[in-house]
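Working notes for the structure below.
Residue numbers start from 1 in every chain, and the chains themselves are labelled A, B, ... in the order their sequence lines are given, proteins ahead of strands.
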Amino acid sequence: MVRKVIEMRQVRKSYRMGEETVEVLKGIDLDVQEGEFLAIMGPSGEGKSTLMNVIGCLDRPTSGVYLLDGIDVTRMNDGELSRVRNRKIGFIFQSFHLIPWATALENVLLPLVYREGITRNDVERARTLLERLGLGERLNFRPGELSGGQQQRVAIARALIGEPSIILADEPTGNLDFRASEEVMRIFQEINEEGRTVVITTHDREVADRAKRIKVLRDGRFVS
Amino acid sequence: MEGLSRRRTQLLGEAWRELVSSKLNLFFMAFGLVVGVAAMTSIHSLGRGTQVAIIQILENLNFGSNAFLILAGGGKFFGPATTRRDTLTLEDMDVLKRLEFVVQISPVQVGMLQVSSPRNAEVTRVIGAYPIYQRINNWQVKEGRFITPWDLKHRAKVCVLGYETARRFFGGEALGKRLRVRGVYFQVVGVLEKKGVIGRYKLDERVIVPLTTSQKRIFNREWIDAAKILAVKGTDLREAKEVVARILRRRHHIGPGDVDDFRIITPDQIVAFLTRASRTLTALLLVISFITLVVSGVIIMNIMYAIVEEKKRIIALRMALGASPGDIMIHYLAITGGVALVGGVGGYLLGLLIVLVISHFSPISGVYDILFLFPSLLFALVTGLLFGLAPARRASKLPPAELLA
């Protein structure tokens, strides 16, 4: 039987804006199985980022059930949530979010600092990862010395280093040119073929087509 | 366990890398601490140095824990006499000498008088003394001899000069020469070794003559100005002072409730008097230093708030990657801790430099040892961590979801 990584039932998220309460997610049901490659599509402002924040445990749903790897994360405190993020989720962002004064290698290793600390073996693994992603010559470059595509590949390596249950990429190609986008999507396909679960958001149909499954979000609900 | 300490070390490493990534911020935050700590340590050091120097000179004069001074005339410590002064006599001393705890008494007459030689003429301290004066003040004769019992008995017109006086009046070749004091010629029979200065009191400028000679030929009076009493080692000087005071009051017919016409001074009072001025200064400067530290603390706090604001997306990123609020707190406290470390060590070194420079160009020499490093660091750390707490808390409470979009 295939394991469910994400199981969401009637997840709602609303924000208070002064007097008014704005509901951004209006009852999301979502199942993602181990080894899936899911693209969540939809124009901006329809709740994609909010959904990603909830999936990534950066935010708690207002109501509903969310089981990550079978564990209920809706009632966890901030400290517990940070542990879950550290161990189970590999984040990739539209604007890369690398630490500017750290080298590529140091950026990749950062999640492990917040786990049990970096070991010599971890450094070897990070080096191998970067080499695999074509950055073997740039291990000690800082983000400012790398192109956008290269920076995003460093971010992918950072997401992979902790062996998470799921790779979450929010508009990973949003800041990249065509060639770099192709490259990044090829990497996603590759790592998915190795058995990793990947969830991305995009507003670009061509990008979404690289995934195995597409769901469209509109006005806080999945329409397909 | 190993993993835990490795993790902790690497958390601190992360903070340190962030700190040194902006050297300008580090400089501004550490600057106030450096100045404050340097001021505090150097002032403290110079104050202690002065005190040590005074104690050394007093000990050098054999004015240690078992000696005290009787001055003619009552009044405030070291101020002018406010009662009659002509009551302290050698007969008083004869009585005191019979006390069990008294080892030696050295009575003196003292005056500032016009003194002249063929080479120089100036007002100089002239002292009429007993032979015991030399031993009781632990003062070696450099050339010639001191006043002898024979000189005293025969009211000899001989004198012994302080090192500086000998140089000024005879260019150093003083033995056998004649010195005129109030129209009387004295033959120089000895020159004392160099002693130095206590504050403005120049020990090496003096002319010493036999007390009997000074009574008849110079001051034309019997009463004495002062006497130094050497007590048996281990004597309780406070008790001894009371005994001496009781005897003198009775002999001087001072009724109950009337003020003493003499003063008794112990070495600890002299040290206290000489350090009081520097202590007031020290207190004042400590207050200034403290203000400096508070100001630098506020500067640190403001810069830290600015850093947290500027780095909030990186903080959110760290949280996304698994840093707990506690980790972020530690991260930013470690940054102010690093600033404090730099500021504390820098302040210590600057303080050391100030003390070395002052010691080189002035007679004060500071006491500065490595132990100052610990209070310096402690003060800097307390300031840094105290004022770093609020910014670190703000950082740990940032909402990661909103900042990463």
**Prompt:** Considering all heavy atoms of both residues, which atom of P400(B) and which atom of L58(A) are nearest to each other, and what is their separation?
**Reply:** CB-CD2, 3.8 Å
**Request:** Please round to the nearest 0.5 Å and tell me the distance separating atom CG of D78(A) and atom CD1 of I328(B).
**Result:** 11.5 Å
**Asked** What part of E106(A) is in contact with chain B, defined as an atom under 4.5 angstrom from a non-hydrogen atom: side chain, backbone, both or neither?
**Response** side chain
**Request:** Please indicate whether R125(A) has more than 12 foreign heavy atoms, meaning atoms of other residues, nucleotides or ligands, lying under 6.0 Å from its CZ.
**Result:** yes
**Prompt:** So which of D59(A), T119(A), V113(A) has the largest heavy-atom pair count under 4.5 angstrom toward chain B?
**Reply:** V113(A)
**Request:** Go through F96(A) and L317(B) one step at a time and tell me if the side chain to side chain contact (heavy atoms under 4.5 Å, CB included) criterion holds.
**Result:** CA-CA 10 Å; F96(A) 325 134; L317(B) 169 78; over 6 Å; no
**Item:** Residue pair E18(B) / I99(A), side-chain heavy-atom distance below 4.5 Å
**Value:** no
**Fill in**
Nearest heavy-atom contact between R85(A) and A320(B) is CB-O, 3.5 Å
**Item:** Approximate separation, where rounding is to 0.5 Å, of R313(B) CZ and F93(A) CZ
**Value:** 10.0 Å
**Request:** Using a cut-off of 6.0 Å, state whether more than 12 heavy atoms not belonging to R87(A) lie near its atom CZ.
**Result:** yes
**Message:** If we ignore hydrogens and angles and just use 3.5 Å, is the side chain of R17(B) paired with the main-chain N or O of A102(A) as donor and acceptor?
**Reply:** no
**Asked** Heavy-atom distance under 4.5 Å to chain B: side chain of R158(A), backbone, both or neither?
**Response** side chain
**Asked** Considering the options E14(B), R318(B), R7(B), Q10(B), which one meets the side chain to side chain donor-acceptor pair (under 3.5 Å) requirement together with Y114(A)?
**Response** R318(B)
**Asked** Heavy-atom count around R83(A) CZ within 6.0 Å, excluding the residue itself: above 12?
**Response** no
**Item:** Heavy atoms from other residues, nucleotides or ligands near CZ of R218(A) exceed 12 (cutoff 6.0 Å)
**Value:** no
**Message:** Heavy-atom count check: over 12 atoms from other residues, nucleotides or ligands less than 6.0 Å from E194(A) CD?
**Reply:** yes
**Request:** Kindly give the heavy-atom pair with the smallest separation between A323(B) and S82(A), and that separation in Å.
**Result:** O-CB, 3.6 Å
**Prompt:** CZ of F31(B): more than 12 outside heavy atoms within 6.0 angstrom?
**Reply:** no
**Asked** Where the side chain of N86(A) meets the backbone of L321(B), is there a donor-acceptor pair that is under 3.5 Å apart?
**Response** yes
